[in-house]
Amino acid sequence: MRSHLTQLLEQSLQRLSDAGALRLPEDLAINVERTRDSAHGDLASNIALLLAKTAGMKPRDLAQRIADHLPASAQVRKVEIAGPGFINFFLTERSGQAVIETIHAAGERFGCSDLGKGKKILIEFVSVNPTGPLHVGHGRGAAYGAAVANLLDACGYTVTREYYVNDAGRQMDILALSVWLRYLELNGTPVSFPGNAYQGDYIREIAAGLRARVGADLLPDAPDLPAEVTAIADPEERLDALIEFAKQSLGASAYRTIHATALAEILRDIRTELESMNIRFDNWYSEQSLFDSGKVDDCIERLRQGGELYLENGADWFRATKYGDEKDRVVVRENGQKTYFASDIAYHHDKLARGFDRAINVWGADHHGYIPRVKGALQALGEDPERLEILLVQFAVLYRGSEKVQMSTRSGNYVTLRDLCAEVGKDAARFFYVTRRSEQHLDFDLELAKSQSNDNPVYYIQYAHARICSVLEQLRARNLEYRPERALTNLSLLSAAPELALLRTLPKYPEVVSAAAASREPHQLAFYLRDLATEFHGYYNSHQFLIEDVSLREARLALIVAIRQVIRNGLAILGVSAPEQM
RNA sequence: GCCCUGGUAGCUCAGUAGGAUAGAGCGUUCGCCUCCUAAGCGGAAGGUCACAGGUUCAACUCCUGUCCAGGGCACCA
């Protein structure tokens, strides 16, 4: 509808321009928006206000001339000039009713569009280090990324969802060591478990599973840890020495067993948890595979050939400042180890090389300083950095009562996503995470979030859906007739205030989906659904649906069935279920 | 110090490419179930849109500065 009116305005302006009454600017952008107040019609344009100056006319006079030159449209009932020079469009009743037919015909596809024209988008999100279970903070990026992916899907993009698995590097070694030490404990070896290793109980569980599988095969030759290692004062150095000791005394193969077991167990846990929240990935992309395939070395070599690297203090530095970063960044350390950044370069280069038109990353806001170097590296490799889009999600700072909950995976002190879902339900959790703009800081009290679970807006929306299902259930129970095809011929009977309001609200849905996808803001959809549910509940309370008058009854049922469809479609995008009973 | 985000009702937050009287939920308060689920509805109260300038016919929205809050500034991941 908006594009239809935009076209009408374009034609009118063209006529004025052809008649020499107006010179149009090159970058003419016609804005038509839904009005907030129905006294201003259904849609309005401010085009006359924007063009008044260049046209040398008073805004209202120009608006009148534009209105006079508008082509006739079957959809438009009346055009008014109002306020400082707005052109207000009043649509025919018929055009409002048409949305119900459209919804009935499109079903679960209502709201979908082909704006994306099948363009391939890779969206990477969550990508939490596989060193422990997901916690509440990770849930936000998960729910947000999944919703953005679904929105893009609905808008006709070909979406691939990917989880980048950081399965290489020191953190994984610390994880393997942690599991091994717990395993030693279970086998009766006295161990003073380092404070900076992973503390969580899940480490013990993995160790127990390992012991059940391999028995005592992974014990070191000597019963005690060597004194020269345990004596190291610096905790981080001692940890590294312990890792080295584990590798030495176990041998590469046995060490790999522990490493692989720990990784597999934790990934399984993460995947299970995400799937229980309705979040699925097409790819789990291994960081280690980038090293194994030589892609990391290839990228480093290409950068070196291109003169993008230089050697200083024994390390290889990437000239990030050349691309706007604050300082140059190390790619290969003095000790020969590649940094996380090195594999990140290869990863992002590979994303674009895989043929995606666009790669979207959902990152925690704490990574924002990382953006210039990654984009810089892509540019240095000859790629267009604009193809990489980074969406930042602000931290969720948790409070338990008035006390801030400190979260650190290594200390094992955190609230898991699983705990949260168990308390408030996965639907509430998913909805809750996306009801705020992602750039907005999220401070919330866990106790409050849990205790308010019944007040969570998600139940309000789901309840509207369940109520409609219930009405249809009653319809069957009472043996009343409802023939959708006949109902569609009686839509003109919908004339009560809430009905007319709903006929204005429903057509907005596809526009909301498109706008939310374009701006990567699923909260727009969440708010829309809440508003729609509010209108429905008001309608429900003031009007009966299962009435004697067959024609009106059917028209009303057609309307609420359409509402149900839109709620269902919208909740599906947000990953929330639409129960038929509550 | 530099760089990101925010600062809108008592609280938590919306405010759609600047637009016509600033919205919602919770909380407070007054009402509504012989009636399709009261997990609901209706009414009332509640605002110098952090502050000061500027651009504009029009600024919560854009620009500059100030104040406040959170985060980031590693040869860590």
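For clarity, every value in this text was computed on a predicted model and none was experimentally measured. The figures here come from the full heavy-atom set of this structure, side chains too, leaving out hydrogens, waters and symmetry mates. Here is how names work: the chains are called A, B, and so on, in the same order as the sequence lines, proteins then strands, and each is numbered from 1.
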Q) What nucleotide, of B:C76, B:G15, B:A14, holds the atom closest to the side chain of A:Glu521? A) B:G15
(Q) Should the side chain of A:Asp173 and the base of B:A77 be counted as holding a donor-acceptor pair, with the cut-off at 3.5 Å? (A) no
Q) What distance, rounded to whole Å, do you find between the two C1' atoms, one in B:C2 and one in B:U8? A) 29 Å
Q) Roughly how far apart, to the nearest Å, are B:C4 and B:G40 at atom P? A) 43 Å
**Q.** Base paired to B:C2 (Watson-Crick or G-U; both N/O distances under 3.5 angstrom)
**A.** B:G72
Q) If we call it a pair only when both distances are under 3.5 Å in a Watson-Crick or G-U wobble match, what pairs with B:A9? A) none
Q. Considering only the P atoms, how many Å lie between B:A44 and B:G6, rounded to the nearest integer?
A. 34 Å
Q.
Which nucleotide, if any, forms a Watson-Crick or G-U wobble pair with B:A14, using both distances under 3.5 Å?
A. none
Q: Please check if any side-chain donor atom of A:Glu124 sits under 3.5 Å from a side-chain acceptor atom of A:Ser127, or the reverse.
A: yes
Q: Please measure how far the P atom in B:G43 lies from the corresponding atom in B:A24, and state the result in whole Å.
A: 10 Å
Q. Step by step, would you call A:Asp167 with A:Gln288 a side-chain hydrogen bond (donor to acceptor under 3.5 Å, both in side chains)?
A. CA-CA 6 Å; A:Asp167 53 0; A:Gln288 186 62 47; over 6 Å; no
Q: Tell me the partner of B:C33, counting only Watson-Crick (N1-N3 plus N6-O4 or O6-N4) or G-U wobble (N1-O2 and O6-N3) with both under 3.5 Å; none if nothing fits.
A: none
Q: Just name whichever nucleotide pairs with B:C57, Watson-Crick or G-U, keeping both distances under 3.5 Å, else none.
A: B:G19
Q: Indicate whether A:His40 forms a stack on B:A20; treat it as stacked only if centroid distance is below 5.5 angstrom and interplanar angle below 30 degrees.
A: yes
**Q.** Pairing of A:Arg373 and A:Glu326 as salt bridge, 4.0 angstrom limit
**A.** no
(Q) Work out how far the C1' atom of B:A58 is from that of B:G54, and round it to whole angstrom. (A) 15 Å
Q: Can you tell me, in whole Å, how much space there is between the C1' of B:U61 and that of B:A77?
A: 39 Å
**Q.** Partner nucleotide, any strand, of B:A77 [Watson-Crick/G-U, under 3.5 Å]
**A.** none
**Q.** B:U28: pairing nucleotide in any strand, Watson-Crick or G-U under 3.5 angstrom
**A.** B:A44
Q) Has the side chain of A:Asn46 got a donor or acceptor that lies under 3.5 Å from a partner of the other kind on the base of B:G19? A) yes
(Q) Just so I know, are the side chains of A:Tyr310 and A:Glu312 near enough to count as touching, which here means a heavy-atom distance under 4.5 Å? (A) yes
Q: Tell me the partner of B:A52, counting only Watson-Crick (N1-N3 plus N6-O4 or O6-N4) or G-U wobble (N1-O2 and O6-N3) with both under 3.5 Å; none if nothing fits.
A: B:U64
Q.
Do A:Arg553 and A:Tyr482 form a cation-pi contact, if we require the NZ or CZ to be under 6.0 Å from the six-membered ring centre and within 45 degrees of the ring's axis?
A. no
Q) Counting side-chain heavy atoms from CB outward, which of B:U37, B:C41, B:C75 is closest to A:Arg333? A) B:C75
Q.
As a test of reading the structure: which of B:A77, B:U21, B:C36 is closest to the side chain of A:Ser470, going by heavy atoms?
A. B:C36
Q | P atoms of B:G23 and B:U5, separation to the nearest Å | A | 28 Å
Q | Close aromatic pair by centroid cut-off 6.0 Å: A:Tyr285 and A:Tyr347 | A | yes
**Q.** Interatomic distance at P, B:A9 relative to B:G25, whole Å
**A.** 16 Å
Q) Which one, B:U5, B:A14, B:C57, comes nearest to the side chain of A:Gln394? A) B:U5
